[in-house]
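A short worksheet on the structure shown next.
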Amino acid sequence: MARYLESQLDFIFFFYGLAFMLLGALCLAFARRLDDDHRPLIRLTGLFGCVHGASEWLDMIALIAGDAGEFLLARAVLMTASFVLLAEAGRQGLQSRGLPVPGPWIFIPILLVIVAVGVADGIWSAKAVARYLLAAPGAIAVGLALFSLRADYPESGRWLMAAVAAGFIGYGLVAGVIVAPAPFWPADVVNQDSFQRLTGVPIQLVRGLLAVMLAALAWAAWGRRVMQTLDYPGYSRHLKRQFIGVLTSLLTILLLGWALTNYLGEIHRQDTETEVAGDAVLLVGSLEREIAIADALVKAFANSPSAQPLLTGADRSSPEAMRALLELDAGAVHAVRSFIVNRSGDIVVSSNGSDKSWLGQPNLRATDWFEQAIRGRAVREFRVDPPDRLRTYLTAYPIRSAEDTIDGVAVLEISLEDLAAVMVRFDQAFFVVDERGVVIITNRNDEYLRTLWPRPGLPRQLLTEQLGAPQRQLMLAHEVFGGGWMEFGGRRSYVLREPIAETQASLVIAVPVKGIFASRLLGIFITLQVAIAALFYFFGLDSGVRDRLQRQLHEELQLRSQDLARQAATDALTGLFNRMTFNERLDKELARSERSGQPFSLIIFDIDYFKEVNDIYGHPMGDQVLIRLSQTVAASVRRSDLLVRWGGEEFALLLADTDAQAAYETAKKLRLLVAHTIFEQVGTVTASFGVAQVLPGDNAETLVARADNALYRAKLNGRNRVELSLPVVDTLELSPTL
């Protein structure tokens, strides 16, 4: 599991950065809607989220494309800047709650310490110090400040603020305490490596999950605040559905994106492993063919009928014959030298007749390969002979007597330079290492004669030092067996080690995972696009719902306003317009009549003996009479006329563009209509009418007074009649017609 999660670091960095960017965008959006002391805390936290998310994506790019000193420095500066924003957010948050905190000047000595550590001990140490001095206290301060804000939320939302605060405090611990390894306490004890060894989980995964949790909780807390501010049940339900939908969708997208990324990477991974295995077979085969010939020749030397008599001195002609054979075969395989050594370690015959030593040693008893061969073991080893760094392959085989005793050793040493010259043209990085892990053949000149992995058993004076090569950091952290994905020279690579048959040497091929990460990057890019599309959809949907809600609320307010206006303008019992509406309309008619000279008239009427109706039948039945009468009269007048309830059992009718004679005729018809209307339980009732036409110089009071006086005369003259307030006109009928 640990190795698998380590191979997923690119995707972990991706969703880690995405979660912090989402948190930052949410906080910045929230801050724009705040108008209180909390705004600096939320805004700076949002800026931290955006900057830190970008920093994590740069770490992902470094993992994919490789790192460099300048890029590492730029990432360290960006990471430190994000932590400064986080610490400042915490400082201002605590300050707004009235707690004593230092001013912004505190960052000057902190940054100076970080720079000093970076200059003295490297960028990784500086990053560790930045996490200790900025990330840990900053995140904890933000958590404490947010925890103090929970009182501003309703009871149901306080636990969300407490959870957000706890999330920031937890992030402060995992991001500000568990740091990259550094050569000082506590970074040399409590660090990312020790955490992964203890839990099997990369700390980046824990930080990423905390970032996702923080974004989700922050959004939920803000949603609670919006619900509190905009108390509308429909929108509250929408926010809950949207929250669940976004979380479910993002989780699904990330899981599917992770699967897609792994699938694309696995395709390239399998292709790479297959290709590397084929390359290893090709290279190892080339070496094995070369040494197989040498092994066969040296075995032929040892089994030659001339070899054993030469060692015992029984045949004096053997040296010349054996020398000729050695010279012939040595020339066939480009041998550096071939010779026969007796049991005492002395060279008795050599392909070079004048050469009676090996590397200046006249006696070979103390050499390792001779000791192994004289014991009956075949020797096969790769060598680099100083001072010319000549790469050779030495093979030795024991010479046995007829009694199966070992009398000497046949030795052949061939040059590998021609083979190496061909092999270095190979594209992929490869390294032929001897039994000590020292590189003897490679197509990477900088790595020649280096050890690829730590070898504690080697003496301090390594071969590289003997030959004057500079010491550098080892390419591998440990010895490799078989194939695997690991750090090779600071880059994630696929490393395969293949043994070379019957030797202690092996071939190591290293292929950087750049191609694999490029394939995985495609999956990450697709995941990012789908996630952004989903977020745009949900937030666009929220905007649409919010706009629709605003329109709905506006319409409801308009309807409520219209209803209130209608209630203010109408009589609650009859539904007719009331006296306030009448006064407004009368003023308008007076003004229009004054401008145009057109007449209009006013009729005031009431029900005769209405008190007796209430006394006999009760007020509810009296109300029914008023309602029925108002409906009956309203259905009989023009739409341009205004019928109002004047008060009690009294009504008024304002007739536009109507003179006194027409108004008088209208009143007569209404009198007859009322008199012939049957009212439930009551039977019939009558009404008296007073009519007045507007005259020059009239105002509202004088016109109403004249109409009211006419009504009064109708009452005095016996009721159930119409009276007109005008100079006497002979043609007018002033008595009611029954």
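Throughout, residue positions are numbered sequentially from 1 according to the sequence presented.
Between F600 and L590 there is a side-chain heavy-atom pair separated by less than 4.5 Å. Taking 4.5 Å as the limit, some side-chain heavy atom of L22 sits within range of a side-chain heavy atom of L250. V142 is not listed as a side-chain neighbour of F48, based on a closest heavy-atom distance of 4.5 Å or more. Inter-residue side-chain proximity for I603 and F651 is flagged as unmet; no heavy-atom pair is nearer than 4.5 Å. Residues D698 and R706 are in side-chain contact: their nearest non-hydrogen atoms beyond the backbone lie under 4.5 Å apart. Looking at I627 and L573, their side chains come closer than 4.5 Å, going by heavy atoms from C-beta outward. Within the 4.5 Å cutoff, the side chain of I524 has heavy atoms near those of the M60 side chain. Between E56 and M21 the shortest side-chain heavy-atom distance does not fall below 4.5 Å.
Between Y16 and F13, the angle of the ring planes stays under 30°, which puts this pair in the parallel group of the 30/60° scheme. Ring geometry for W57 versus F14: interplanar angle under 30°, hence parallel rather than tilted (30 to 60°).
Not counting sequence neighbours, the partners of D657 by the salt bridge (charged side-chain N to carboxylate O under 4.0 Å, His left out) test are R592. The side chain to side chain donor-acceptor pair (under 3.5 Å) test applied to S55 returns no partner, not counting sequence neighbours. Under the salt bridge (charged side-chain N to carboxylate O under 4.0 Å, His left out) criterion, K611 pairs with D615, sequence neighbours left out. Residues passing the side chain to side chain donor-acceptor pair (under 3.5 Å) test with S82 are H52, sequence neighbours excluded.
The list of ring-ring contact (aromatic ring centres under 6.0 Å, His included) pairs with a residue in residues 687-719, not counting sequence neighbours, reads F605-F689. Evaluation of the salt bridge (Lys or Arg N to Asp or Glu O under 4.0 Å) test over residues 569-582, restricted to residues two or more places apart or in two chains, returns D571-R645.
Going from atom CG of L655 over to atom CG of L602 covers 8.5 Å, rounded to the nearest 0.5 Å. Rounded to the nearest 0.5 Å, atoms CG (N720) and NZ (K715) are 9.5 Å apart. Between the CD1 atom in I604 and the CZ atom in F582 there is a gap of 6.0 Å [rounded to 0.5 Å]. To the nearest 0.5 Å, atom CG of residue D708 and atom CG of residue L703 are 11.0 Å apart. With values rounded to the nearest 0.5 angstrom, L716 atom CG is found 10.5 Å from N709 atom CG. Atom NE2 of H676 sits about 12.0 Å away from atom OG1 of T686, to the nearest 0.5 Å.
Atom CD of Q558 sits in a crowded spot, with more than 12 heavy atoms from other residues, nucleotides or ligands closer than 6.0 Å. By the 6.0 Å contact criterion, CD on E594 is open, its count of non-hydrogen atoms from other residues, nucleotides or ligands being 12 or less.
A distance-only check finds a donor-acceptor pair linking the side chain of T632 to the backbone of R628 [under 3.5 Å]. Checking side-chain atoms of R719 against main-chain N and O of S688 turns up no donor-acceptor pair under 3.5 Å. Side chain of T248 to backbone of G245: no donor-acceptor contact under 3.5 angstrom is found.
Here the closest heavy-atom approach between residue A145 and residue L41 is recorded as CB-CD2, 3.9 Å. Across L78 and V51, no two heavy atoms sit closer than the pair CD1-CG1, 3.7 Å. Considering every non-hydrogen atom in both V691 and A663, the closest pair reads CG1-CB, 3.6 Å. Across every non-hydrogen atom of R713 and L724, the tightest pair is NH2-O, 2.8 Å. Closest heavy-atom contact between L576 and S630: CD1-CB, 3.3 Å. C27 and T45 get closest at one heavy-atom pair: SG-CG2, 4.2 Å.
Checking Q661 against E665 by side-chain atom types alone, no donor-acceptor pair falls below 3.5 Å.
For Y617 and F679, the gap between ring centers reaches or exceeds 6.0 Å.
For the side-chain contact (heavy atoms from CB on, under 4.5 Å) criterion with L626, the lone passing option out of M621, E649, Q631 is E649.
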Exercise. Kindly determine whether F15 and T527 satisfy side chain to side chain contact (heavy atoms under 4.5 Å, CB included), including the steps that lead there.
Key: CA-CA 10 Å; F15 83 77; T527 305; over 6 Å; no

Practice problem: May I have the step-by-step check of side chain to side chain contact (heavy atoms under 4.5 Å, CB included) for L629 and T574, ending in yes or no? | Solution: CA-CA 9 Å; L629 184 142; T574 63; over 6 Å; no

Exercise. Test L28 against C50 for side chain to side chain contact (heavy atoms under 4.5 Å, CB included), laying out the working first.
Key: CA-CA 9 Å; L28 290 176; C50 293; 4.0 Å; yes

Self-check item: side chain to side chain contact (heavy atoms under 4.5 Å, CB included) assessment of L256 paired with V530
Solution: CA-CA 10 Å; L256 293 177; V530 176; over 6 Å; no

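Geometric assessment of R585 against the ring of F577 yields a negative cation-pi assignment under the 6.0 Å and 45° thresholds.
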